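Structure first, then comments.
In listed order, ligands and their atoms are each counted from 1. Just so it is clear, the model here is predicted, and its values are computed rather than measured.
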Amino acid sequence: MSTVRKSTNIVWHKSSVEKFDRQELLQQKGCVIWITGLSGSGKSTLACALSRGLHSRGKLTYILDGDNVRHGLNSDLSFKVEDRAENIRRIGEVAKLFADAGIICIASLISPYRKDRDACRALLPEGDFIEVFLDVPLQVCEARDPKGLYKLARCGKIKGFTGIDDPYEPPLNCEIVLQQKGGDCVSPSDMAEKVISYLEEKGYLQA
Ligand SMILES: Nc1ncnc2c1ncn2[C@@H]1O[C@H](COP(=O)(O)OS(=O)(=O)O)[C@@H](OP(=O)(O)O)[C@H]1O
Ligand SMILES: Nc1ncnc2c1ncn2[C@@H]1O[C@H](COP(=O)(O)OP(=O)(O)O)[C@@H](O)[C@H]1O
């Protein structure tokens with residue numbers, strides 16, 4: 001991460017209520033589920049299905065969706081490489097705070113660059129950053145095109161669109177890969193169940 005620290009003479013203030021206490025209260029472990037993939041791969045749909053599935057099990061979640069956060073906190077950022085990096089850095093820092101609050105934070109954003117995602121991973125304790133790659137081919141995403149953005153990108157009305165004239169670097173070693181290939185359609189709730197099983201297995205759904 002290339003952020004220059006400009007604050008000096010700052011001292012960390014400890015609280016008597018710590019992450020451990022919050023987790024006890026919530027009966028879960030705070031973590032970040034980081035969903036990455038092309039536009040139209042189903043990130044927001046999976047985030048919602050996952051949040052719903054966990055909520056119905058009595059688990060507290062919060063979604064940080066790239067599109068949504070760009071309406072507020074990140075409304076000053078474009079899609080240039082350095083602005084995408086800053087978008088991801090800020091969401092990574094906010095996700096870290098949510099995880100520290102004991103919440104299961106679901107971040108869903110394209111996050112096309114490996115180094116930006118890895119920098120967010122490095123903010124969290126080992127195991128608490130769970131990267132989920134929605135491995136959906138460009139042709140499938142483009143055929144879905146729910147917002148008509150691929151169409152605009154193809155005719156040059158949007159420049160630097162991920163997958164068309166901007167890169168996407170797939171994860172090399174992530175925790176979960178969810179594939180949507182050929183005619184085998186995997187429903188969002190089935191995908192969410194896979195992630196929930198992972199959380200259960202790793203002990204995140206208990207204090
Ligand atoms: N140039 C370009 N490239 C990719 N995507 C674009 C672009 N311009 C606008 N959009 C819309 O912005 C959404 C992606 O925002 P993110 O914050 O997830 O992107 S990033 O992580 O900073 O790369 C993305 O939403 P999703 O379709 O939900 O992924 C698009 O709707
Ligand atoms: N598992 C799935 N199977 C089939 N269609 C899906 C699936 N997940 C999402 N979709 C559809 O794909 C489109 C893009 O989904 P969305 O969640 O908005 O993707 P993203 O957030 O990655 O841009 C939507 O029309 C959505 O209904």
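At a 4.0 Å cut-off, at least one heavy atom of Ser39 sits close enough to ligand 2 to count as contact. Remark: distances from the non-hydrogen atoms of Asp67 to ligand 2 are all 4.0 Å or more. Under the 4.0 angstrom criterion for non-hydrogen atoms, Leu149 is in contact with ligand 1.
The shortest N or O to N or O distance between Arg70 and ligand 1 is under 3.5 Å. Any N or O atom pair closer than 3.5 Å counts here, and Phe79 shares no such pair with ligand 1.
A distance-only check finds no donor-acceptor pair linking the side chain of Arg114 to the backbone of Pro171 [under 3.5 Å]. Asp83 places no side-chain N or O within donor-acceptor distance of the main-chain N or O of Lys80, the cut-off being under 3.5 Å.
No part of Asn74 comes within 4.0 Å of ligand 1, judged by heavy-atom distances. Under 4.0 Å from ligand 2, the heavy atoms of Val186 that appear belong solely to its backbone. Under 4.0 angstrom from ligand 1, the non-hydrogen atoms of Leu109 come from both its backbone and its side chain. Using a 4.0 Å cut-off between heavy atoms, Leu38 contacts ligand 2 through its backbone alone, with no side-chain atom that close.
In terms of protein heavy atoms, atom 2 (C) of ligand 1 is closest to Phe161 CD1, 3.4 Å. The nearest protein atom to atom 25 (O) of ligand 2, hydrogens excluded, is given as Pro146 CB, 3.8 Å; this is a heavy-atom distance. Ranking protein heavy atoms by distance to atom 26 (P) of ligand 1, first place goes to Lys147 NZ, 3.3 Å. Regarding atom 20 (S) of ligand 1, its nearest protein heavy-atom neighbour is Asn87 ND2, 3.7 Å. Among all non-hydrogen protein atoms, the one lying nearest atom 19 (O) of ligand 2 is Gly42 N, 3.0 Å. Atom 1 (N) of ligand 1 has as its closest protein heavy atom Gly160 O, 2.9 Å. Nearest protein heavy-atom contact of atom 3 (N) of ligand 1 is Arg84 NH2, 3.1 Å. Ranking protein heavy atoms by distance to atom 13 (C) of ligand 1, first place goes to Asp67 OD1, 3.4 Å. Ranking protein heavy atoms by distance to atom 18 (O) of ligand 1, first place goes to Ile110 N, 3.0 Å. The closest protein non-hydrogen atom to atom 29 (O) of ligand 1 is Lys43 NZ, 2.8 Å.
Nearest heavy atoms, Tyr150 versus Asp145: N-OD1, 3.0 Å. Of all heavy-atom pairs between Val17 and Arg22, the closest is O-NH1, 3.2 Å. Scanning all heavy atoms of the two residues, the minimum distance from Pro170 to Phe133 falls at CB-CZ, 3.8 Å. Contact record, Gln27 with Glu24: NE2-O, 2.9 Å, taken as the closest heavy-atom pair.
Between Leu178 and the options Val195, Asp190, Asp135, a side chain to side chain contact (heavy atoms under 4.5 Å, CB included) holds for only Val195.
With contacts defined as side-chain heavy-atom distances shorter than 4.5 Å, the pair Ile130/Arg121 does not qualify. Side chains of Leu50 and Thr61 form no contact here, defined as non-hydrogen atoms less than 4.5 Å apart.
The residues Asp67 and Lys43 are annotated as not salt-bridged, no charged nitrogen and carboxylate oxygen being separated by less than 4.0 angstrom.
Which of Ser39, Gly42, Ser111 comes nearest to atom 21 (O) of ligand 1 through a heavy atom is settled by distance: it is Ser111. Ranked by closest heavy atom to atom 11 (C) of ligand 2, the top entry among Gln180, Lys43, Arg144 is Arg144. When Thr36, Thr45, Val140 are checked for heavy-atom proximity to atom 15 (O) of ligand 2, Thr45 turns out nearest. With distances taken over non-hydrogen atoms, the option nearest atom 23 (O) of ligand 2 out of Ala49, Gly37, Cys141, Gly40 is Gly40.
A donor and an acceptor atom, one from each side chain of Thr36 and Tyr168, are located under 3.5 Å apart.
Atom numbering of ligand 1 starts at 1 in the shown order; those under 4.0 Å from a heavy atom of Gly40 are 27 (O). Atom numbering of ligand 1 starts at 1 in the shown order; those under 4.0 Å from a heavy atom of Gly66 are 17 (O), 18 (O). Counting the atoms of ligand 1 from 1 in the order shown, those under 4.0 Å from a heavy atom of Thr162 are 3 (N), 4 (C). In the vicinity of Cys185, heavy-atom distances shorter than 4.0 Å reach the ligand 2 atoms 3 (N), 4 (C).
Judged by a 6.0 Å distance limit and a 45° cone about the ring axis, Arg70 is positioned over the six-membered ring of Phe79.
For Phe161, the CZ atom is densely surrounded, since the number of other residues' heavy atoms within 6.0 Å is greater than 12. Around NZ of Lys194, the count of heavy atoms belonging to other residues, nucleotides or ligands within 6.0 Å does not exceed 12. Atom CZ of Arg52 has 12 or fewer neighbouring heavy atoms from other residues, nucleotides or ligands inside a 6.0 Å radius. Within a 6.0 Å sphere centred on CG of Asn173, heavy atoms belonging to other residues, nucleotides or ligands number 12 at most.
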